[in-house]
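Read the numbers this way: they start at 1 and go in the same order the structure lists the ligands and their atoms.
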Amino acid sequence: MKPVSMLDLHLEYQYMKEEIDAAIKRCLEHQKWILGPEVKELEETVAKYLGVDHCIGVSSGTEALVLSLRALAIKTKGQEYFDRSDKIITTPFTFTATGDAILRAGATPVFADIDPLTFNLDPMKVEEYLAGGASGVVGMVPVHLYGQSCDMDRLTEIAQKRGIFMVEDVAQAFGGKWREKKLGSLGAAGAFSFFPSKNLGGFGDGGMISTSDGELAGLARMLLKHGGKDKYNVEHVGYNARLDTIQAAVLLAKLKYIDEFNEKRRETASLYDHELGGQAGIIVPAKQEMAQHVYHQYTVRVAAGRRDLLQTRLKEKGIATMVYYPVVLHKMGVFNGRMVVANSLSEAEKAQQEVLSLPIEPLMEKGLVKEIAAGIKDSLSGSLSGSSPGSAA
Ligand SMILES: Cc1ncc(COP(=O)(O)O)c(C=O)c1O
């Protein structure tokens, strides 16, 4: 078997090479590298795709989160940053940037535990924390991890009942849905990442904010250009966080394929489910009736201890896998003394030890999926087999 990487971006490029090359060539010809016409076109096209009034291109998913939160601080508190006494609830089982953005916006992240089935913020745990008389909570940042929607019915209900805002972290879920609505259109704002490995990925860093709130959109637009409508006379503490024209051009070319590619990811996931579902020692990703998963990652659970052994055995067979994420946020030094732990985070800690993401990409050959699954079954059938992983068993 020839070595299998987690992701081979050459495949996508070859598939749409002509369009991408032509898009880059147009940039070379017009030379409008900063906020050129492609940025505006991408913003308008994505806004229409998501069903929101405004999209604002920014330099990364991280900046999309920071700017959304900063804009909310300015809008809701009339101040540049939140205060440390302002709390924002999120998941500890995510990429660092989610929690870090809350710190950078001046607030304190509150980590609540995850649902073991979806790996996403558990509404019951959020409710439990709020019902315990928590004070100072201003918002929540749910993350649609691996491309799987959070339970948006229950989280929205909690946010409305408590009068707190919601910023969706949609970095991993471009094109995903909850019921008929696109993710990123359900909260006050959505923060997308166009990091090259994402479902919609550029040729470098990039991100986008989605919102139907005109005031937030206006503030985010100021913040990304140093903090003012006029960058030579600014009103807010801003950033240089613009989306590059050339990235927007590449993304516009790739956007035409996003629904087709997400569908192909779902087909690959179904094949993995078919090959691995019911296999002792492994749990395949859960499905939610109301959600359309976009499988940014196809992530299984394998009991702690044996997960690392399986990963090693697969590596020996030339099959790459990844652990997203090996360290939960509440165990990271950066959050030490700067966070609130809402409740026992045992499910997040268990997930950290049991998750394993398998190679998945839209243009993957079905035969390869079967070979990877066979490699997993073969590895599991040795001394790895035995008891079941996780509380989701
Ligand atoms: C859940 C999550 N949030 C935020 C980010 C940050 O996005 P970026 O890398 O574009 O800054 C990422 C991307 O890695 C992510 O996976």
Please tell me if the side chains of Gln297 and Tyr324 come closer than 4.5 Å, counting only heavy atoms from C-beta onward.
-> yes
Exam field: side chain Gln311 to backbone Thr321, donor-acceptor pair closer than 3.5 Å = yes
Specify the protein heavy atom at minimum distance from atom 16 (O) of ligand 1: its residue, its atom name, and the distance to 0.1 Å.
-> Gln172 NE2, 2.9 Å
Can you name the one residue among Lys25, Lys32, Arg26 that meets salt bridge (charged side-chain N to carboxylate O under 4.0 Å, His left out) with Glu29?
-> Lys25
Of all the atoms in ligand 1, which lie at a distance below 4.0 Å from a heavy atom belonging to Thr94?
-> 1 (C)
Going by heavy-atom distance to atom 1 (C) of ligand 1, choose the closest among Leu65, Asp169, Asp100, Val66.
-> Asp169
Basic-acidic side-chain contact under 4.0 Å: Lys331, Glu349 = yes
Is it possible for you to check whether Lys198 lies under 6.0 Å from the centre of the six-membered ring of Phe174, through NZ or CZ, and within 45° of that ring's axis?
-> no
For atom 13 (C) of ligand 1, grab the closest protein heavy atom and report residue, atom and distance to one decimal in Å.
-> Lys198 NZ, 2.9 Å
Judged by heavy atoms only, the candidate from Leu145, Thr91, Thr62, Val143 nearest atom 11 (O) of ligand 1 is Thr62
For the salt bridge (charged side-chain N to carboxylate O under 4.0 Å, His left out) test, which of Arg104, Lys75, Arg70 pairs with Glu80?
-> Arg70
Using a 4.0 Å heavy-atom cut-off, say whether Tyr325 meets ligand 1 through its side chain, its backbone, both or neither.
-> side chain
Nearest neighbour in protein (non-hydrogen) for atom 15 (C) of ligand 1 | Ala171 CB, 3.5 Å
Taking only non-hydrogen atoms of Ser193 and a 4.0 Å limit, the atoms of ligand 1 in range are 7 (O), 8 (P), 10 (O)
In ligand 1, the atoms that come under 4.0 Å of a heavy atom of Thr98 are 3 (N)
Is any side-chain N of the basic residue among Glu127 and Lys161 closer than 4.0 Å to the acidic one's carboxylate O?
-> yes
